[in-house]
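These notes concern the structure reproduced below.
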Amino acid sequence: MEGVAPAVSLFRSRASARFPIFVAADSGAARRSSRKGRSRVSRRTLETSPPGAAGSSAGRKHGSTETAPRQSGITRVPKLGPAVSTKRAGRSKDPHISLEVSHHRAVAAVRLLRIEKGKAFADLLNEKTNDSGDNEMGYVERTLGFRTRYLEDRDIRLVTVIVAGTVRWKRYLDYLIMSLCTEEKMFREMEPLLLQILRIAFFEILKLDVPAYAVVDENVSLAKAALRPGAGNMVNAMLRKLILLKETNSLPLPKIEGDDRAQARALSIIYSHPVWMVRRWIRFHGKDDTLRLMNWNNSDPHFSLRVNTSKGYTRADLVKRLESLQVHYEESIMDEFVRIREGMQAVLQAGLLKDGMCAVQDESAGLVVSVVDPQPGETIIDCCAAPGGKTLFMASRLSGQGKIWALDVNKGRLRILMDAAKLHSLNDMIHDIHADLRLYAKETTAKYDKVLLDAPCSGLGVLSKRADLRWNRQFEDLEELMCLQDELLDSASTLVKPGGILIYSTCSIDPEENEKRITAFVKRHPEFAIQSVCGYVPAEFITDEGFYSSNPTKHSMDGAFAARLVCSILGAPQGHN
């Protein structure tokens with residue numbers, strides 16, 4: 001259904017004992033609870049300020065509104081514990097710990113503020129031993145002026161849902177917030193923290209269907225505690241307006257009418273995507289597919305786990321562990337993979353990744369490895385290897401015979417790759433090269449049986465999992481990326497043995513980053529010929545030109561592209577290993 005919010009498996013409001021805790025095991029339960037709660041908006045809260053008070057708290061300019069991360073959570077609704085964790089902060093009388101605010105909302109607001117400033121954590125603090133938890137709690141205290149308790153797993157899930165959803169729907173939310181301001185200047189000059197609190201509240205009401213009384217009370221309390229009473233009054237007044245507009249089905253959304261540009265602008269607000277992206281997709285994919293694609297990007301992502309066969313595990317072993325954790329799964333078209341829609345945090349806490357039993361990897365990336373078709377005894381170089389998912393998968397398919405060189409310009413990410421190789425018992429087969437591919441290709445005389453160039457790209461095929469990318473990418477970036485892709489392709493081609501294979505791949509669905517790059521490359525390098533991927537991947541993923549292509553709306557997985565290029569024996573420069 002178009003424009004429907006992503007389903008949420010868990011939500012709880014418990015900042016104070018004034019209101020009951022709300023838990024929904026599914027989106028239907030959330031909606032049922034919401035209907036019961038809409039008429040129960042706290043009289044005390046809603047009468048705090050008159051409707052006209054919405055403009056009383058304007059402050060500093062909030063700056064840029066572009067960026068954000070996104071993640072998954074757990075399958076089961078956990079048992080409800082005490083309102084304040086006793087693990088670390090405890091039921092402390094420490095005056096710096098505020099018991100009057102919703103702790104997961106407070107952390108979500110600060111994380112959103114950090115995202116706005118470009119200093120956000122890319123991953124949630126799922127592991128208890130991760131010191132970044134202390135770092136983030138310290139940042140929360142410095143930003144808000146008070147401490148929150150350390151979050152339990154269920155609270156981290158709520159932070160995940162709120163942050164990912166608020167970022168994903170940011171353009172839509174900002175349009176409505178600005179519509180309810182008395183004037184546009186009020187929105188433009190709104191304090192950054194106040195804007196984040198409003199975004200959270202609007203998202204909860206419009207996309208999570210959290211009971212209105214809980215949203216109003218909790219977010220008004222947060223604004224008052226973190227800013228001042230007047231800020232709470234403003235939040236209260238604007239949420240009153242929003243609730244009324246929602247209940248009367250009169251939200252001030254733009255109409256999809258006018259010329260192509262005007263329609264794209266309206267769609268970009270309703271589906272919360274950049275205008276340039278919407279126009280480009282309509283041009284390449286048509287309006288209907290564009291709507292389906294935006295709905296996919298706005299939905300909860302599913303994740304895939306690849307079992308580590310190099311340590312002797314099978315998919316049956318992984319399935320057994322998932323069943324013991326009560327994590328629901330679906331088997332994949334690929335033998336080494338299973339899909340999970342929820343339960344990633346349970347997988348992390350159980351140590352399945354730490355123990356090297358499996359790795360998080362989308363099937364679209366696994367199919368790229370199928371295009372490479374690693375065979376025992378081959379020498380392979382992965383030219384932009386980090387973070388290493390494809391490198392590890394390729395190594396696991398060599399059956400202990402052959403070598404893989406992992407090259408990357410980022411030393412830190414390369415180190416993480418090698419740590420993962422050790423965890424997966426593949427470190428004897430993988431050798432790292434810290435270098436810029438363009439310089440390495442000029443200096444080395446080494447040649448390889450297969451060369452994989454998983455090129456830097458726009459990432460337009462993975463927006464379901466990376467909500468931040470839609471706001472980080474600009475149209476101008478594509479031109480720079482295409483120039484870089486051409487340079488890297490030219491460099492990678494010099495590493496291929498006569499008769500060897502060059503594989504070019506991206507996680508983009510943009511034809512100019514994919515098919516057109518290959519067409520241009522073959523014109524520059526007549527010694528390479530396109531080889532069909534037929535026989536390497538299922539027929540449904542093969543294009544008319546013989547390329548591999550996965551599409552989110554057609555295949556229910558990330559978008560990706562790959563091409564096989566065979567180097568003719570006569571035309572290739574000679575070399576050695």
Does [X] reach the main-chain N or O of [Y] with its side chain, forming a donor-acceptor pair under 3.5 Å?
| X | Y | value |
| --- | --- | --- |
| Arg473 | Ser458 | yes |
| Gln361 | Gly389 | yes |
| Ser508 | Leu460 | no |
| Asn298 | Tyr271 | yes |
| Trp471 | Val167 | yes |
| Asp362 | Ser364 | yes |
| Thr166 | Val163 | no |
| Lys207 | Gly165 | no |
| Thr290 | Ile282 | yes |

Flag the pair [X] / [Y] as yes when at least one side-chain heavy-atom distance between them is below 4.5 Å, and no otherwise.
| X | Y | result |
| --- | --- | --- |
| Met294 | Arg470 | no |
| Ile256 | Ile270 | yes |
| Val210 | Glu218 | no |
| Glu184 | Met178 | yes |
| Leu222 | Val235 | no |
| Phe203 | Arg168 | no |
| Pro252 | Leu245 | yes |
| Leu463 | Trp296 | no |

Let me confirm one number: the CE-CD distance from Met234 to Glu191, rounded to the nearest 0.5 Å.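 Met234 CE to Glu191 CD: 9.0 Å, rounded to 0.5 Å.
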_Separation of Asp174 CG from Ile269 CD1 (nearest 0.5 Å)_ =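 Reported to 0.5 Å precision, the distance equals 10.5 Å.
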Which heavy atom of [X] sits nearest a heavy atom of [Y], and at what distance?
| X | Y | result |
| --- | --- | --- |
| Ala350 | Leu325 | CB-CD1, 3.6 Å |
| Val275 | Ser268 | CG2-OG, 3.3 Å |
| Tyr329 | Ile340 | CB-CG2, 4.0 Å |
| Gly412 | Asn410 | N-OD1, 3.1 Å |
| Leu239 | Val216 | CD1-CA, 3.9 Å |
| Leu423 | Leu353 | CD2-O, 3.2 Å |

Quiz item: Taking NZ, NE, NH1 and NH2 as the nitrogens, is one of them in Glu152 or Arg154 under 4.0 Å from a carboxylate oxygen of the other?
Solution: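 Yes, this pair counts.
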ask   = Would you call Asp289-Arg292 a salt bridge at under 4.0 Å N-O?
value =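 Salt bridge present between Asp289 and Arg292.
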Would Thr506 and Glu513 count as a side chain to side chain donor-acceptor pair (under 3.5 Å) if you check the C-alpha gap in whole Å, the side-chain angles of each, and the deciding distance to 0.1 Å? CA-CA 8 Å; Thr506 72; Glu513 293 187 90; over 6 Å; no
For His103 and Asp155, run side chain to side chain donor-acceptor pair (under 3.5 Å): C-alpha distance rounded to whole Å, both residues' side-chain angles, the deciding distance at 0.1 Å, then the answer.
CA-CA 8 Å; His103 296 280; Asp155 299 304; over 6 Å; no
